[in-house]
Amino acid sequence: MATPPTKQAILSLYSSTLRSSRSFSSYNFRNYFVSRTQDNFRAMQEEQDPAKLSSMFSDAVKELAVLRRSAIVNQLYGGWKLAVEDQKEVRTRGDT
């Protein structure tokens with residue numbers, strides 16, 4: 001029987017995954033992966049079965065490695081900013 005990961009290990013993985021998700025230069029990819037990360041870890045938080053929790057944790061570790069590589073490639077070949085991103089910057093500058 002697999003031992004379940006500690007709460008601290010899960011929180012550390014969550015923050016690393018969020019950090020990697022936010023490092024995408026493309027707006028759509030960034031928002032998608034942040035939302036997906038939050039959903040995956042909410043499901044992990046609600047899981048009661050230790051074996052299933054261990055499986056979910058190991059899957060999340062593998063996904064983090066893929067996410068990091070994908071974020072690097074996305075930063076290299078990012079592209080232009082969307083109008084949505086420009087509007088947020090204008091609002092931020094106008095507020096200060």
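Reckoned from all heavy atoms, side chains included, excluding hydrogens, waters and symmetry mates.
Residue Arg69 holds its CZ atom at 11.5 Å from OG of Ser20, rounded to the nearest 0.5 Å. Residue Ser15 holds its OG atom at 12.0 Å from CD1 of Ile10, rounded to the nearest 0.5 Å. Atom CG in Leu64 sits 12.5 Å away from atom CG in Asp59 (nearest 0.5 Å). Distance check, rounded to the nearest 0.5 Å: OG of Ser70 to CZ of Phe33 gives 6.0 Å.
For Ser54 against Pro4, the heavy-atom pair with the smallest separation is OG-CA, 3.4 Å. Of all non-hydrogen atoms in Met44 and Ala60, the two that sit nearest each other are CE-CB, 4.0 Å. The nearest pair of heavy atoms linking Arg22 to Arg30 is O-CD, 3.6 Å.
Remark: the backbone N or O of Ala9 is paired with a side-chain donor or acceptor of Thr6 at under 3.5 angstrom. A distance-only check finds no donor-acceptor pair linking the side chain of Ser35 to the backbone of Tyr32 [under 3.5 Å]. A donor-acceptor contact shorter than 3.5 Å is absent between the side chain of Ser12 and the backbone of Gln8.
The closest side-chain donor-acceptor pair between Ser21 and Thr37 falls under 3.5 angstrom.
Looking at heavy atoms from C-beta onward, Leu53 lies out of side-chain contact with Phe57 at the 4.5 angstrom threshold. For the pair Glu63 and Asn40, the minimum side-chain heavy-atom distance is below 4.5 Å. A heavy-atom distance below 4.5 Å is found between the side chains of Leu67 and Phe24. Annotation: side chain of Ser23 is not in contact with side chain of Arg68 (no heavy-atom distance under 4.5 Å). Put simply, the side chain of Thr3 does not reach to within 4.5 Å of the side chain of Pro50, judged on heavy atoms.
Contacts of Tyr14 classified as ring-ring contact (aromatic ring centres under 6.0 Å, His included), with partners at least two apart in sequence or in another chain: Phe41.
Within 6.0 Å of atom CD in Gln45, 12 or fewer heavy atoms from other residues, nucleotides or ligands are found, so the atom counts as exposed in its surroundings.
When the side chains of ILVMFWY residues are joined at heavy-atom separations under 4.5 Å, either directly or via intervening members, Leu13 and Leu18 end up in a single hydrophobic cluster.
Arg36 and Asp39 are not joined by a salt bridge, as no carboxylate oxygen comes within less than 4.0 angstrom of a charged side-chain nitrogen.
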